[in-house]
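What you are looking at is a predicted structure, and each value in this text was computed from that prediction instead of being measured. All ligand and atom numbering here is 1-based and tracks the order in the structure.
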Amino acid sequence: PEGITVQELANRMAEKGADLVKALFKMGMMVTVNQTIDQDTAELLVTEFGHNIQRVSDADVEIDTEADVDAPETLKARPPVVTIMGHVDHGKTSLLDALRGTDVATGEAGGITQHIGAYQVKTKGGDLLTFLDTPGHEAFSEMRARGANVTDIVVLVVAADDGLMPQTIEAINHTKAAGVPMIVAINKCDKPEANPQKVRERLLEHEVIVEDMGGETQDVEVSALKRTGLDDLIEKIMLQAELMELKANPDRAAEGTVIEAKLDKGRGPVATILVKRGTLKVGDVFVVGEHSGKVRAMVNDKGQNVKEAGPSMPVEVLGLGGVPLAGDLLSVVENEARAREVATYRQEQATKKRTTAAPTSFENMFSALN
Ligand code: GDP
Ligand code: MG
């Protein structure tokens with residue numbers, strides 16, 4: 001009695017009758033447009049098409065970076081992106097500073113460094129490595145939670161005098177969960193009470209088996225203070241990177257991840273972008289999170305203005321329409337109209353999410369009271 005013909009329903013939904021018939025067929029029902037379907041089936045169809053309509057408009061507006069795969073022949077080697085993790089006071093910051101000091105390009109640049117959340121080191125051999133300047137597993141897991149897996153390799157710092165501590169173990173777990181290879185830097189080896197062997201043994205308990213113990217994890221004894229073992233560490237990182245065959249297409253519209261972002265009094269919204277693929281150029285129009293923008297200027301980790309940034313290179317970008325979140329993706333698009341369209345769409349989606357989230361929680365609250 002409470003039925004509706006397929007054609008009637010199609011008319012009300014502003015869809016083709018044939019499309020409804022097709023959908024019904026997929027649901028296991030063989031009907032024609034003139035046949036009547038019951039209320040439940042009609043509702044099912046509406047939601048089905050509702051979702052589809054949503055998806056169609058998503059595809060129209062949203063940028064589908066996953067579907068946009070680069071052809072193998074376009075891929076070129078890119079520098080590894082390294083995150084340093086470990087227990088507080090085990091020397092993460094000291095090691096980051098020491099590694100930065102090994103950069104042969106800094107001399108050329110006049111030695112002035114700028115903290116933009118990531119930096120690049122050029123080795124004596126001419127290889128480039130990118131280090132994320134925000135140590136700690138919080139930044140790492142926060143980025144991961146937002147879907148941004150920027151780290152290729154984790155360097156786990158363990159102080160040789162202190163040994164494995166709670167945050168060391170947390171860092172091990174985060175790294176394993178992310179499926180990222182790890183290199184252990186046993187730090188503070190300059191100290192008389194340093195016991196690197198004990199560190200290796202304790203690591204076994206957490207299934208981190210270093211090469212000396214018959215495993216595959218590389219380890220290296222360093223002193224961030226005395227700056228020893230650093231070349232060895234860099235060499236091991238490069239070795240690991242080679243095994244991973246890290247590649248990206250540099251010759252395409254750029255895509256990158258926000259490492260950090262802020263509102264700068266003089267310069268407006270600025271974000272450090274780690275380029276994933278393509279080459280970001282001054283003048284490029286982009287969307288980043290819910291904001292659109294146009295690259296006005298780019299500054300590298302040495303405080304120099306640059307015109308271009310290729311894969312794995314971190315740059316501070318000026319010319320954003322707003323402050324994005326760490327982990328947001330930046331995508332270069334064809335023109336400003338397109339950038340605004342995507343940004344507006346994302347803002348709308350975010351607003352929708354916020355407004356629909358409230359009633360659901362109310363419902364949950366009431367059902368919990370019943
Ligand atoms: P973080 O909390 O992991 O970033 O650790 P820091 O880099 O701030 O270092 C904590 C303390 O350990 C500081 O007083 C450093 O000077 C000291 N330290 C770091 N590396 C070494 C090292 O290789 N040898 C010695 N003796 N001290 C170190
Ligand atoms: Mg620190």
query: Would you say ligand 1 has an N or O under 3.5 Å from any N or O of Gly91?
result: yes
message: Treating Asp328 as the side-chain partner and Leu325 as the backbone partner, does any N or O pair qualify as donor plus acceptor under 3.5 Å?
response: yes
query: Would you say Ala224 has any N or O atom under 3.5 Å from an N or O of ligand 1, going by distance alone?
result: yes
- request: Before signing off on this row, confirm whether Leu225 and ligand 1 have an N or O atom pair separated by under 3.5 Å.
  value: yes
- request: Kindly say whether Val88 contributes a backbone atom to a donor-acceptor pair with the side chain of Gln167 at under 3.5 angstrom?
  value: yes
task: List every atom of ligand 1 that sits less than 4.0 Å from any heavy atom of Lys92, numbering the atoms from 1 in the order shown and giving each element.
output: 1 (P), 2 (O), 3 (O), 4 (O), 5 (O), 7 (O)
message: Main chain of Gly289, side chain of Arg346: is a donor-acceptor contact present, judged purely on distance under 3.5 Å?
response: yes
query: Are the side chain of Thr74 and the backbone of Asp70 linked by a donor-acceptor contact shorter than 3.5 Å?
result: no
- line: So CG of Leu95 and CG of Leu233: to nearest 0.5 Å the spacing works out to 6.0 Å
Output side-chain donor-acceptor pairs under 3.5 Å for residues 175-185, partner residues at least two apart or in another chain, one line each.
| residue | atom | partner | partner atom | Å |
| --- | --- | --- | --- | --- |
| Thr175 | OG1 | Ala171 | O | 2.7 |
| Lys176 | NZ | His206 | O | 2.5 |

message: Quick check on contacts: which atoms of ligand 1 are under 4.0 angstrom from a heavy atom of His87?
response: 3 (O)
Test item: Tyr119 side-chain N/O and Lys302 main-chain N/O as donor-acceptor pair under 3.5 Å: no
query: Near the Mg ion (ligand 2), is there an N/O/S atom from Ser94 that is less than 2.8 Å away?
result: no
field: Ligand-side contact atoms (ligand 1) for residue partner Asp190, heavy atom cut-off under 4.0 Å
entry: 22 (C), 23 (O), 24 (N), 25 (C), 26 (N)
Close-contact set for ligand 1 against Ser94 heavy atoms, below 4.0 Å: 6 (P), 7 (O), 9 (O), 15 (C), 19 (C), 20 (N)
statement: A student comparing His90, Gln167, Lys191, Lys188 should find that the heavy atom closest to atom 11 (C) of ligand 1 comes from Lys188
- prompt: Between Asn187 and ligand 1, which residue portion shows a heavy-atom distance shorter than 4.0 Å: side chain, backbone, both, or neither?
  reply: side chain
